[in-house]
Number of protein chains: 2
Amino acid sequence: MKLDERHLVQLAAVVQAGGVTEGAAVLGLSQPAISRTLAQLEKRLGEPLFVRGRRPLAPTPLGKALAEHGQIILSASRAASETIDSFRRGTSGVVRVGGSPFFMDGLISRMIAGFQDRYPDVSIEQSYGYLSDLRASLQAGRIDVAVCPVDVLDEGSGLEFREILPGRNVVACSSTHPLLMKRKPTSCDLLEYAWIAPPPGSPLLADLRSILHSLGVAEIKIRFSGGSLASVLNYMTASNALTVLPHSVVFAFRKGGQITALPINIPHPDRSLGLLRLTAAPRIPAVDTFANHVADAFADLGQLIKRHEQAIVWGA
Amino acid sequence: MKLDERHLVQLAAVVQAGGVTEGAAVLGLSQPAISRTLAQLEKRLGEPLFVRGRRPLAPTPLGKALAEHGQIILSASRAASETIDSFRRGTSGVVRVGGSPFFMDGLISRMIAGFQDRYPDVSIEQSYGYLSDLRASLQAGRIDVAVCPVDVLDEGSGLEFREILPGRNVVACSSTHPLLMKRKPTSCDLLEYAWIAPPPGSPLLADLRSILHSLGVAEIKIRFSGGSLASVLNYMTASNALTVLPHSVVFAFRKGGQITALPINIPHPDRSLGLLRLTAAPRIPAVDTFANHVADAFADLGQLIKRHEQAIVWGA
DNA sequence: CAGCTTCATAACAATTTGTTATATTAAATC
DNA sequence: GATTTAATATAACAAATTGTTATGAAGCTG
């Protein structure tokens, strides 16, 4: 026999509160409303739910059993309410974030940890991709926000762009690299060593080409390619290979003492790391919270880098 | 924010079924009904629950989260329905049974085990008492059924009596008792040994007195009293003490080989073991099921005793 | 692009829900 | 044991909700 969820909830409230009047108060309803519900329930069931003509009100075994189900429903309903409230506050929900692999692995993943330290009820679903994929994912509603280097001129197409860090690359190497002995490495020196290529399709790969061009270097020895950041760092640590990496990523890993940047100036890409969101997308508070957290974290990082550079001067 | 349980259920059905139409079918409703509910929910929340303009219908993270709560509600509701159906079939519920201690401990408790082997979803709450207490408990709705010896003439007072075994007592003793050596023990022999008194207030105690009277015995040595059946049996096993017990109880424990009955005839009490229920009480199917089970079990027991007596003749 | 399926909207009838006012009934009190 | 008090049941009514059918709009499929 099918019964109304609302009725079960009312029954549960009455049983738990120990009286019709009190139960009504718990639910914020009038006593006659509950009284009628109970009468109707008993009529439909053909079984009493309470021992009649006796106070305090005592449920029959059946009444008690049904009230337990009602209690579950009431709890679930309250949990749903809490879900909504917390969703609105941006302290719960799901944030689906996509981004370019090196930034995600090198910076964002740490920031996510810090974020969830503050907002443990927001779960993060991470995915990888470059600008065109990410744009498509945003538009298809597969992700809520993207973290990605974007050409400064690139704009429009319904995407909202929020810059969080100016583009700046460095030539990275193991912190025991022989070239670090030299005061001013030349372009020729760079040709001496093997290179790690950034992932195919990444802006870094394009940057690498333009760097080589600006240094007047024709070709380099690519020894390793296709690896994610962890592979690149490991490889670099255990070899004298060079690669081009975002300044911020190398900076973030300076604590490990394994890698560093060569003191050589290379041109800045006309590109900034930023947060991308769909302009037309519904505002999800948790995504706002997350975006703000990431932006703040990058602002802090920017400050840190600035202070660090006052001590150590990179390049010439 | 408070939301309607019904709406959450409908949301859950849609998410689980993967479409409005399918969800409506699951709940036995029309598609527009669900469609309107969802529209209303989204309007009240100010947040989309589904990714619009896209098929197959995909819930947003919020929609999915709320649907999970709805699923819980739906399950609880179905469980409640099942509780009712099963209650009506008499295969679930609670049976509160009261009875005289020796019968409960000696016979009924075993029958409850057999009962629950067949009906595992019926739980039994057992309590003890003699006729007057039990009658009061029945009338107060504290128990659903009583198992108790009742004077054959005693009747009325809104109680329905169902006889399940004619009263018959025996003098019980350890199975190694010296009197068992004698072919025909006399009343004087009975005076030689210590006696265990049945619990105060029990019909057995009254029976004991009338037995002594009929045997022309004035007084006996009471050595032990106030014990429950387990104590009485243990005491008897470890001594040569005698007591008066229902024939059926001694019979039920014959398998243990520890106790038996003396071959001496004592008068039957004008009393029968029976099931008592309130005539006016609402019919609880599980109680019916239980009462029938107990009655059947006693019928079987009666047959067993009869066959057993054709082999072994008790008393003279 | 036609055809099919699925979802959204409109309009309306029926039921349900909640309210206040009042009668009953069980417990408490003297 | 009569009387008072607190709690529950009932009645009457207004408002909101729910469900229905009919129909329009929007995506997918071939």
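The chains referred to below are lettered A, B, ... by the order of the sequence lines, with proteins before strands, and numbering in each begins at 1. If you're wondering where the values come from, they're calculated on a predicted model, not measured in any experiment.
If you measure from atom CG of B:Leu41 to atom P of D:dT18, you get 10 Å, rounded to the nearest angstrom. To the nearest angstrom, P of D:dT17 lies 17 Å from CG of B:Leu29. Rounding to whole angstrom units, CD of residue B:Gln10 and P of D:dT17 are separated by 14 Å. C:dT19 atom C1' lies 13 Å from atom CD1 of A:Ile34, rounded to whole Å. Atom CG of A:Asp4 is separated from atom C1' of C:dT16 by 9 Å (rounded to the nearest Å). Per the geometry, CD belonging to B:Glu22 stands 11 Å off C1' belonging to C:dC7, to the nearest Å. If you measure from atom CG of A:Leu11 to atom P of D:dT8, you get 14 Å, rounded to the nearest angstrom. Residue A:Glu5 contributes atom CD, which lies 11 Å from atom P of C:dT17 at whole-angstrom precision.
Taking every side-chain heavy atom of B:Arg36 into account, D:dT20 is the closest of C:dG18, D:dT20, C:dT17. Of the candidates C:dG18, C:dC7, C:dT9, C:dT9 carries the atom nearest the B:Pro32 side chain, counting heavy atoms from C-beta on. When each of C:dA11, C:dC7, D:dT8 is scored by its nearest atom to the side-chain atoms of A:Ser35, the top-ranked nucleotide is D:dT8. For B:Val20, counting side-chain heavy atoms from C-beta on, the closest listed nucleotide (C:dT17, D:dT10, C:dA8) is C:dA8.
The number of heavy-atom neighbours closer than 6.0 Å to CD of A:Gln16, taken from other residues, nucleotides and ligands shown, is 12 or below. For CZ of B:Arg78, the number of neighbouring non-hydrogen atoms (other residues, nucleotides, ligands) closer than 6.0 Å is 12 at most.
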| Stepwise side-chain hydrogen bond (donor to acceptor under 3.5 Å, both in side chains) check, A:Thr279 with A:Glu160 | CA-CA 5 Å; A:Thr279 318; A:Glu160 170 195 321; 5.3 Å; no
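Between A:Ser30 and C:dG18 there is no side-chain polar atom (N or O) within less than 4.0 angstrom of OP1 or OP2. Side-chain nitrogen and oxygen atoms of A:Gln40 include none within less than 4.0 Å of the OP1 or OP2 phosphate oxygen of D:dA9. The side chain of B:His7 places no N or O atom within less than 4.0 Å of a non-bridging phosphate oxygen (OP1 or OP2) of D:dT17.
Taking the charged nitrogens against the carboxylate oxygens, B:Asp288 and B:Arg277 do have a contact shorter than 4.0 Å, which makes a salt bridge. The pair A:Arg89-A:Glu82 meets the salt-bridge criterion, since a charged nitrogen lies less than 4.0 angstrom from a carboxylate oxygen.
Under 3.5 Å, the side chain of A:Gln31 and the base of D:dA7 form no donor-acceptor pair of N or O atoms.
Contacts of A:Arg6 with the nucleic acid, taken as non-hydrogen atoms under 4.0 Å apart, involve only primed sugar atoms and P, OP1 or OP2. Across all strands, B:Thr21 comes closer than 4.0 Å only to sugar-phosphate atoms, never to a base (heavy-atom distances). Looking at heavy-atom distances under 4.0 Å, A:Glu42 makes no contact with the nucleic acid at all.
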